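Just so it is clear: chains get the letters A, B, ... in the order the sequence lines come, proteins before strands, and each one is counted from 1. This one's a predicted model, so the numbers in the text were calculated from it and none came from an experiment.
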Amino acid sequence: MSQKEINKYQNTLNLPDSPFPMRAGLAKQEPERLKKWNEEKLYSQIREARKGAEKFILHDGPPYANGKIHNGTAMNKILKDFVVKFKTMSGFDAPYIPGWDCHGMPIEHAMFKELGKSKHEVDQVEFRKGARKYAAKFVDIQRNQFKRLGVLGEWNNPYLTMNPNYEADTVRVFGELYGKGYIYKGMKPIHWCTSCETALAEAEVEYDNHTSPSVFVKFPVLKEQNFPFENCKNPSVVIWTTTPWTLPANRAVCLKADLDYCAVELDGETIILATELIGNLFSKLEKNIPEITETVKGIELEGLMLKHPIDDNLTVPVILGEHVTTEAGTGCVHTAPGHGQEDYQVGLKYKLEVASPVNEKGHFTDDVPEYSGNFVFKGNKLIIENLREKGILIFTENISHSYPHCWRCHKPVIFRATEQWFINVDAHDMRETAINAVDKKVNWLPAASKQRILSMLQLRPDWCLSRQRLWGVPIPVFYCKKCGAELLNKNTINKLAELVEKETSDVWFAKSAEELLPEGTTCSKCNCTEFRKETDILDVWFDSGVSNRAVLERREQLHVPADLYLEGSDQHRGWFQVSLLIATGLRGEPPYKNVVTNGWTLAASGEKESKSKGNFIDPESVCNKMGADILRLWFGSVNYMQDVQISQELLKQVADSYRRIRNTFKFLLGNIHDYNPETDAVDYDDLLALDKYMLHSLEILRGKVTEAYNEFKFYRVFHLIHDFCTVELSARYCDILKDRLYVEAASGLKRRSAQTVLRKICVDITKLIAPILSFTAEEVWQYICETAVSEKDGTNAETVHLALLPTEQKNHINEELEADYSLLWSVRDEVLKVLEVKRRDGIIGSGLEAAVVLNTQDEKLSALLKKYKDALPSLFIVSQTTLDENADNEKWSQGQELKSLKIIVKKAEGVKCARCWNYSENVGADDKYSDLCSRCTGIIGNE
RNA sequence: GGGCCUAUAGCUCAGUUGGUUAGAGCGCGCGCUUGAUAAGCGCGAGGUCGAUAGUUCAAGUCUAUCUAGGCCCA
């Protein structure tokens, strides 16, 4: 037979027909779709359509406006978009206002690099203008990148922390918290370059080798105290330091609670140090290690008072700290809160004085008269001499070690305490209120998040707000030029905030104090009328922490608390916490009801992505090569609450899954092209059993998918829908349905029954996947609407993103069908296995060449097979099925799982029908159609 | 060094209060189909559940330690 003859009945079949392309061409299609959405003002349309509906507010945490987006930022934005789109399609009014963090160091650095200048060589007002432009440029770049990902939001009116209104609110919040007594000025050590006379940020410090004097010093124990060691002679605690110049500022000696300390004899006196480190000291002294008779834990020495090594009028306590190690020294740490980070931290706990008798040039001040005017590194020598004279120096040598240096002048830097602004996290029970809210009023996902932020809140010190930088919101405090009194009140804040709203916070630096202050302002202490401005700016975390005021409270369409914050896990210390503290200070309530965190994107090795290792995936190039939907599907397929891995191979795999979903849509669309739900729908009661079962199955899917979305578990959504497409649809329903769809009369009940269900499946799955595959779902939606639009299934919505998700349909739940088909699928699996055996043996090729004989002694199974007797050939996609109750002489195959089932597969009886390809003994029964079976004759004859 | 998290087939995920031979899909191998065709169907091979020790009649599931990796601190 020629090819033509084989296909001579092809045009009597109802083959699938759809212009929906098999190949997506996403990289090309998506930008066109975006253009259309933009022209149609899709986001505004959604706002309009949901007006008056219940709100769902996801408040965007602002990414930093520097550089292009990476996978972390892309993932976070995409996850937020999943939520917003799901909530929107669930009927909520879910506005999404994206934000950007615009002030701060990284932009300053980039600017200095561009300008080739340093902090002291630029004019601040000019510099800030440049920084503002720089930030705006990257806001633009990132905005376009986010839009390209398919993220919908109010892109033409985002919130920027450098917007004049936002900056004015930042100033106002500072004023409000100051007025409520949360803000104070205190001392804190920071890196300080004595040559440049400036504070240095951590990023401005370089580590290099430096030679320092290493000294072991005795701190004599004061007499008449509870002392755990017996038989001591002039006992003293021994400390080790490489910065003798900080000894004048010593305010304690820090031990570790669970470390062993002992008292040993040295030159007729008793010294106390960590047992583990005795060898360290005695080897330097070139002495034998003495016998140890007594050992106590550090905790037993807590509170012991010691004599100060420099100032004879001072006594200092023994305290306990976790930072004490046995890597070097004596296990007894000289603690000068004004000259070290850890010293400062532990000092806060013990309320130690933050002494820092060193001026900006690094010279001792008059607070230490004996060294006054001397540079600290020169002071080292004088102090060592002094210690020797006092007889408390045990040992000294020079050592070379890694030491911080200024990045600009490359000179060694020091830690120096300076005046800084703080939020007192314990004022008005801020900490307790926040902790209580975290525990009782906020849902955390994953659950461990709660413990993580709680332990941070419990331990965190006061929040240092001030930075000695150029690009940020000024700390809006004035000082009386005469008496130095602070000036900040409602009037000064109001006037300043108004000016900032008009001219941005640059106004602080451009105008004089007199111009910024209300007319006639006088110092309340001394009546002076001249003031100077604070020069420090605010920590950028204060900026973003203010967003619950500057955005949530200010924008009419939003509200506080937000329903959801969704950020990376690093934000426990960052935005989650600063927002909480500020909101607690402002309102006594947390700014969010739910907090979800995402992990980090890593390379496939499980390690960090890095450009140098070449395992870096750029989201932009993924969009350009594979399409944003592939990236979206990837982030929708992994458990983002943990760290996730991304690579080209992994993306390739998700692209395979995408193709399966896409082809399923193509099949569905192709088979409903001639179906109109308004006129062709079959009533539920008249549907075929299999079709009813599929509605049941779809309803189960809908329930699970909705639940997964509500729990923010998008990877479950993906698996549910993908598996439904693969197993329920492609492998079973669609395959089985082909005979009915292609062969049966186009508008007959059997075909319309199938189409009624296929249409619903197509529409519902398109909606369910739309929050994730936003572009593809929209593409499918348009093709659905081309075949038919119906209010009944919501396809009258112009775009899928305006449609509502399918609602619960309890009447589709059918437990009887569920039970029947669950068993029927098992029977089918057994039959397919035997078919495969016959195929290997060359007995059959296509399944339609086979006839299946079934036998079972199991009553339940037997009843089921009889009940579905007529449907069995179509379920197995074979030509004939017979139930044989006593065919003992045949060679039965036993079911592997269904042991009670026996199966025989043999060559089908009769001849292959040229139209439907089923084998039948009645082919040619009608003289008019010698090559057709009676079913096909009947169908063709009626047309 | 500290706080928190993660670890089930090559990959992405399931594995109820500890209870038969650890599941699914993808990918892979082999075959079928050529009326979803740069598609579709079937069968099959893949796992000492990160390691070790323990609790228990019974551990992927509970406990401890370790290893690898991550976030935040120091």
Regarding the side chain of A:R839, the nearest nucleotide among B:A39, B:C13, B:G31 is B:G31
Answer yes or no: are there more than 12 heavy-atom neighbours, outside A:K450 itself, under 6.0 Å from its atom NZ? yes
B:A74 C1' sits how many Å from A:R460 CZ, rounded? 15 Å
Can you check the distance between B:U63 and B:U16, where both ends of the measurement are the P atom (answer in whole Å)? 15 Å
Which is true for A:Q653 with a 4.0 Å heavy-atom rule: it touches a base, it touches only sugar-phosphate, or it touches nothing? base
N or O in side chain of A:Y9 less than 4.0 angstrom from B:G35 OP1/OP2: no
A:H673 atom NE2 is separated from B:A36 atom P, nearest whole Å, by 14 Å
Taking the side chain from A:R662 and the backbone from A:M22, do they hold a donor-acceptor pair closer than 3.5 Å? yes
Roughly how many Å apart are B:A14 and B:U6, using the P atom of each and rounding to a whole number? 13 Å
Report yes if a donor N or O on one partner sits less than 3.5 Å from an acceptor N or O on the other, where the partners are the side chain of A:K738 and the base of B:A36; otherwise report no. yes
Flag the pair A:K912 and A:E849 as a salt bridge only when some basic side-chain nitrogen lies within less than 4.0 angstrom of an acidic carboxylate oxygen. no
Nearest-angstrom distance, C1' atom, B:C43 to B:C5: 41 Å
Can A:W917 be said to stack with the base of B:G35, given centres closer than 5.5 angstrom and planes under 30 degrees apart? yes
Using a 4.0 Å heavy-atom cut-off across all strands, classify A:V837 as base, sugar-phosphate, or nothing. nothing
Which part of the nucleic acid, if any, lies within contact of A:S730, taking any heavy atom under 4.0 Å across all strands shown: a base, the sugar-phosphate backbone alone, or nothing? base
I'd like the P distance from B:G19 over to B:G29, given in whole Å. 37 Å
Ion pair check, A:D735 and A:K738, cut-off under 4.0 Å: yes
Contact class for A:D723 vs. all strands (heavy atom < 4.0 Å): base, sugar-phosphate, or nothing? sugar-phosphate
Where each residue is assigned the nucleotide of RNA chain B containing its nearest heavy atom, which of A:Q645 and A:D735 is assigned the position nearer the 5′ end? A:Q645
Taking B:C62 as the reference, what is the distance to B:C11 when you measure between their C1' atoms (whole Å, please)? 30 Å
For a quick check of understanding: with a heavy-atom distance under 4.0 Å over all strands, which category does A:M641 fall into, base, sugar-phosphate or nothing? nothing
Take the angle between the ring planes of A:F667 and A:Y742 and call it parallel below 30°, perpendicular above 60°, tilted in between. tilted
Taking atom types as modelled and ignoring hydrogens, do the side chains of A:S874 and A:R740 form a donor-acceptor contact shorter than 3.5 angstrom? no
Atom CG in A:N663, atom CZ in A:R23: separation rounded to 0.5 Å? 11.0 Å
A:I772 CD1 - B:U12 C1' separation (whole Å): 14 Å
What nucleic acid atoms does A:N639 come within less than 4.0 Å of, heavy atoms only: base, sugar-phosphate, or nothing? sugar-phosphate
Shortest side-chain distance from A:H722, nucleotide among B:A36, B:G70, B:G25: B:G25
What is the nucleic acid contact for A:L13, judged by heavy atoms within less than 4.0 Å: base, sugar-phosphate only, or nothing? base
Checking one value: the base orientation of B:G25, syn if chi is within 90 degrees of 0, otherwise anti. anti
Residues, nucleotides or ligands: over 12 heavy atoms within 6.0 Å of A:Q458 CD: yes
For A:D674 and A:Q755, which I'm curious about, is there any donor-acceptor pair between the side chains at under 3.5 Å? yes
Which nucleotide, B:A39, B:G42, B:C26, lies nearest any side-chain atom of A:T726? B:C26
Whole angstrom is fine here: how far is it from CD1 in A:I646 over to P in B:G69? 21 Å
Contact letters for nucleotides 60-68 of chain B, in which S counts primed atoms plus P, OP1 and OP2 and B counts the base, heavy atoms under 4.0 Å: ---------
Taking the C1' atom of each, how far is B:G46 from B:G27, in whole Å? 11 Å
So A:G670, base contact, sugar-phosphate only, or nothing? Heavy-atom distance under 4.0 Å. nothing
Could you work out the separation of B:G10 and B:U52 based on their C1' atoms and round it to a whole Å? 26 Å
Among B:G44, B:U33, B:G15, the one nearest A:R716 by side-chain distance: B:G15
Is there a donor-acceptor pair closer than 3.5 Å between any side-chain N or O of A:D539 and the backbone N or O of A:W541? yes
Using the P atom on both, measure B:C4 against B:U65 and round to a whole Å. 12 Å
For A:D629 and A:T776, indicate whether the former's side chain and the latter's backbone hold a donor-acceptor pair under 3.5 Å. yes
Under-4.0 Å side-chain N/O to phosphate OP1/OP2 contact, A:Y715 with B:A14: yes
For A:R660, answer base if it contacts any base atom (sugar-phosphate contacts may also be present), sugar-phosphate if it contacts only those atoms, and nothing otherwise; contact means non-hydrogen atoms under 4.0 Å. sugar-phosphate
For A:R452, answer base if it contacts any base atom (sugar-phosphate contacts may also be present), sugar-phosphate if it contacts only those atoms, and nothing otherwise; contact means non-hydrogen atoms under 4.0 Å. base
Just to be sure I understand the rule, does A:R840 reach a base, reach only the sugar-phosphate, or reach nothing, if contact means heavy atoms closer than 4.0 Å? base
Sugar-phosphate only, base, or nothing, as touched by A:H572 at under 4.0 Å among non-hydrogen atoms: nothing
Heavy-atom nearest nucleotide on RNA chain B for A:I877 versus A:C734: which residue maps closer to 5'? A:C734
When rounded to whole Å, the CD to C1' distance for the pair A:Q577 and B:G3 reads 13 Å
Separation of B:A38 atom P from A:R662 atom CZ, nearest Å, is 14 Å
Taking atom C1' of B:C41 as reference, at what distance in whole Å does atom OH of A:Y742 sit? 12 Å
Proximity to the side chain of A:R573 - top-ranked nucleotide from B:G70, B:C72, B:C26: B:C72
With ring pair (Phe, Tyr, Trp, His ring centres under 6.0 Å) as the rule and sequence neighbours excluded, what pairs involving residues 640-665 of chain A come up? A:Y640-A:F714
Provide, to the nearest angstrom, the distance between the CD1 atom belonging to A:I661 and the P atom belonging to B:G25. 15 Å
Charged N-O contact under 4.0 Å between A:R839 and A:E836: yes
When pairs are called at under 3.5 Å and a stem needs at least three consecutive Watson-Crick or G-U pairs, the stems of RNA chain B are B:1-7 with B:67-73, B:10-13 with B:23-26, B:28-32 with B:40-44, B:50-54 with B:62-66
